[in-house]
Structure formats: structure tokens, C-alpha cells
Participant: 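Sharing a structure with you now.
Bear in mind that the values here come from a model prediction, so they are computed numbers and not experimental data.
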Amino acid sequence: MCITIYLAIMVLEFGPVLFELKFFDRWPWLRSIANFMHKGAPLLALLGLMISLLHQSSLGATYGVIKARPIWFKPSMPIMFILSAVAAGPAITMAIAFVTEWITGKRVVQHDILRTIARFSGLAILVYGYIKLWDLAATTYYGRTPDVSSALATLNQQTPYNFTFWVGEVLLGVVIPAVLFLSSRFNRNPAGLVLGAACIFVGIIIHRWNITVGGLFVPLDFTPGTIYKLPTGSYQPALVEWGIAIGVIGYALTMLTLGIRFLPLFGRKEH
């Protein structure tokens, strides 16, 4: 429900841009509707923010309510998912603006605005990293149980979890973007800002992978007290899954390319 409502809000918010095409000149009443919709953009943006927080948190809660799993499925998951989205979303938007400018030779957004977005994303990723480390400590140290210790040992011995967490999630996904976004030395370099956004993007993907696959990797023992334990699982994405992932990314890039090519995104200088 949250995602459906969110998409509807995005359509309403983006509608005025579509109606600015010359194709709609023959229907002046559509332009009037578009102007009216554009006046409500601040309200739509606020509603979109609220709904996006709901669907991000409910996505994390999907893992948080399954208490049988000893590692990742815990009540802190909704907060982690919200913070990661708050940090990654503005960074990716900022990077797209820079890449669009490089390809088209037209400045879409002023660089001081993009640097402000980068600083906001840098602060958000620091908060996310701070809570991530405390969340890890709460699970593995302060609230340590035999199940958690056994599951972590399994992950460290039979998967690259330890490497992907510290290098992928923490170093690549938090430390490097924070330095590139918040340091005045790197903040004025567009290439550095795009690199930082790419690091956040990869770090969030690794975070989602570790939660979804890592949390399911450790087997559940439905017969406590017996010697027999279920064998450890293994997983490799199938060709169909790779195709779906590549197709989704390809679709998004196609829509972005068509939008840049045909939509009136570049205002005149006097604007």
C-alpha cells in the first residue's frame, strides 16, 4: 500500500513536467491542470517524504518481526532501512545531476545546491554508520546469546560476511562517502562527489545482500537437544535472477535517458 501510494504521489509531482511538452499545446486545459498541480508541489513533496518513510520502515520490519533468526531479524531493522535510504537517495540524485551535466554539456542544477545535498547526505551516512556500529555491538556483545555467537561463527567461516561488512558496508559505504562529502578539500570536486555517491550505492546494496542472504544462510534447528544439525545453506543467483536485476537497471536507465532527451528539464538562462 505504501509503495502504491508513493508511486501515485510521484506521478502527480512529475506530471507538470510531462505536460510542458509541445505535444500538449493542443490541449490548453491540460496546461492549466499542470500549473495547478505544480502549485501543490511542496505538499506533494511532504506527503512523498512521509509515505517513503513508511514503506522503507515496513520493508525493514519484514525482517524485524521474524524473531526465529538470530542475527539480522530484530526491531532495529526499520530504523536501519530508513537511515540508509535517507543517506543514499539524495546522493544518487546529486550524482545523476552531475553525470547529466557531463554528458549533455548543460548545467541542470547549480553546483552549490549539489554540494549542499552532498553535505546533507554525508551527515546522514554518518548517523547511519554510528547506529550501525551500536546495532552490531548490541547484537554481538551486549545482547550476545549462544545462537548469535554460533550464527556469527558460521557466517565468518563459510561466507565473506566479515569482509563485506567491514570493507563493503563500513569503509566503502560509510567512511569514504563521509570524507568525500564533508571535507572541503573533496566537496568542491564533482568527480569526488559522484564517486562518493557510487560508494554509498554499492554499500547499501551490500547491506541489503548481507541482511537478506546472510540472515537466511544460517540454518534453523527445529529439534533442540539433538546432535543432528541442519547443513549450512548456500546460494548463487540464477541466470533468471541476473536477468531480472539487469532488466530493472536497464529500464531505469532507459527512462532516465528518454527523460533527459525529450523532456524540458533544462531551463533558459533567464530562469
Participant: With a 4.5 Å cut-off on side-chain heavy-atom distances among I, L, V, M, F, W and Y, is there a chain of contacts connecting Tyr251 to Ile246?
Facilitator: no
Participant: Given side chains that start at C-beta, do those of Ile260 and Thr104 come closer than 4.5 Å, heavy atoms only?
Facilitator: yes
Participant: What's the verdict on side-chain contact (heavy atoms from CB on, under 4.5 Å) for Leu152 and Tyr161, showing C-alpha distance, side-chain angles and the deciding distance?
Facilitator: CA-CA 9 Å; Leu152 274 176; Tyr161 161 73; 3.9 Å; yes
Participant: Let's go through Phe14 and Val17 carefully: what are the C-alpha distance in whole Å and the side-chain angles of both, what is the deciding distance for side-chain contact (heavy atoms from CB on, under 4.5 Å) to 0.1 Å, and is it a yes or a no?
Facilitator: CA-CA 6 Å; Phe14 195 69; Val17 178; 4.1 Å; yes
Participant: Can you establish whether the number of heavy atoms outside Met1 located under 6.0 Å from its atom CE is more than 12?
Facilitator: no
Participant: Which pair of non-hydrogen atoms, one from Glu101 and one from Val109, has the smallest distance, and what is that distance?
Facilitator: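 Closest approach of Glu101 to Val109: OE1-O, 4.4 Å.
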Participant: Under a 4.5 Å side-chain heavy-atom rule over Ile, Leu, Val, Met, Phe, Trp and Tyr, are Leu136 and Leu172 clustered together?
Facilitator: yes
Participant: Met94, Leu83: one ILVMFWY side-chain cluster at the under-4.5 Å cut-off?
Facilitator: yes
Participant: For residues 116-130, which side-chain donor-acceptor pairs fall under 3.5 Å, sequence neighbours excluded?
Facilitator:
residue: Thr116; atom: OG1; partner: Asp112; partner atom: O; Å: 2.9
residue: Thr116; atom: OG1; partner: Arg119; partner atom: NH2; Å: 3.3
residue: Arg119; atom: NH1; partner: Asn187; partner atom: OD1; Å: 3.4
residue: Ser121; atom: OG; partner: Ala87; partner atom: O; Å: 2.5
residue: Tyr128; atom: OH; partner: Lys132; partner atom: NZ; Å: 3.1
residue: Tyr130; atom: OH; partner: Trp134; partner atom: NE1; Å: 3.1

Participant: Would you list the atom pairs, donor with acceptor, under 3.5 Å between side chains in residues 193-208 and any protein atom, with sequence neighbours excluded?
Facilitator:
residue: Arg208; atom: NH1; partner: Ser84; partner atom: OG; Å: 3.1
residue: Arg208; atom: NH2; partner: Ser84; partner atom: OG; Å: 3.2

Participant: Can you tell if the side chain of Phe98 reaches within under 4.5 Å of the side chain of His111, non-hydrogen atoms only?
Facilitator: yes
Participant: State whether the side chain of Glu241 and the backbone N or O of Ala238 hold a donor-acceptor pair below 3.5 Å, judged by distance alone.
Facilitator: yes
Participant: Would you compute the distance between atom OG of Ser184 and atom CG of Asn189 and round it to the nearest 0.5 angstrom?
Facilitator: 12.5 Å
Participant: Out of curiosity, Leu12 CG to Leu7 CG, how far, rounded to the nearest 0.5 Å?
Facilitator: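 One gets 11.0 Å once the value is rounded to the nearest 0.5 Å.
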Participant: Nearest 0.5 Å, what's the CG-CZ distance between Leu171 and Phe163?
Facilitator: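 One finds 9.0 Å between CG of Leu171 and CZ of Phe163.
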Participant: Could you tell me whether the side chain of Pro190 reaches within less than 4.5 Å of the side chain of Trp102, counting heavy atoms only?
Facilitator: yes
Participant: Got a sec: does the CG of Leu253 have more than 12 other heavy atoms crowding it under 6.0 Å?
Facilitator: yes
Participant: Specify whether Trp27 and Phe24 have parallel, tilted or perpendicular ring planes, treating 30° as the upper limit for parallel and 60° as the lower limit for perpendicular.
Facilitator: tilted
Participant: Which atom pairs, donor and acceptor, lie under 3.5 Å between side-chain atoms of residues 47-56 and protein residues at least two apart or in another chain?
Facilitator:
residue: Ser52; atom: OG; partner: Gly48; partner atom: O; Å: 3.1
residue: Ser52; atom: OG; partner: Leu49; partner atom: O; Å: 2.8

Participant: Write down the atom of Phe165, the atom of Asn210, and the distance for their closest heavy-atom approach.
Facilitator: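 Where Phe165 meets Asn210 most closely, the heavy atoms are N-ND2, 4.0 Å.
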Participant: For Glu169 and Thr164, what are the C-alpha separation, side-chain angles and deciding distance, and is it a side-chain contact (heavy atoms from CB on, under 4.5 Å)?
Facilitator: CA-CA 6 Å; Glu169 292 192 50; Thr164 56; 5.6 Å; no
Participant: Under 4.5 Å between side-chain heavy atoms, counting indirect links through other Ile/Leu/Val/Met/Phe/Trp/Tyr residues: same cluster for Ile5 and Ile3 or not?
Facilitator: no
Participant: Are the side chain of Arg188 and the backbone N or O of Arg185 linked by a donor-acceptor pair below 3.5 Å?
Facilitator: no
Participant: Do Met255 and Phe262 share a hydrophobic cluster (ILVMFWY, side-chain heavy atoms under 4.5 Å, transitive)?
Facilitator: yes
Participant: Please round to the nearest 0.5 Å and tell me the distance separating atom CD1 of Ile33 and atom CE of Met37.
Facilitator: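 The CE atom of Met37 is 8.5 Å from CD1 of Ile33, to the nearest 0.5 Å.
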Participant: Report the C-alpha distance between Glu20 and Leu263 in whole Å, list the side-chain angles of each, state the deciding distance to 0.1 Å, and finish with yes or no for side-chain contact (heavy atoms from CB on, under 4.5 Å).
Facilitator: CA-CA 8 Å; Glu20 286 294 324; Leu263 294 180; over 6 Å; no
Participant: Please determine, by modelled atom types, if His38 and Glu13 share a side-chain donor-acceptor pair under 3.5 angstrom.
Facilitator: no
Participant: Any donor-acceptor pair under 3.5 Å linking the side chain of Asp135 with the backbone of Ile131?
Facilitator: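 Absent.
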Participant: Kindly compute the distance separating CZ (Phe81) from CG (Leu59), expressed to the nearest 0.5 Å.
Facilitator: 5.0 Å
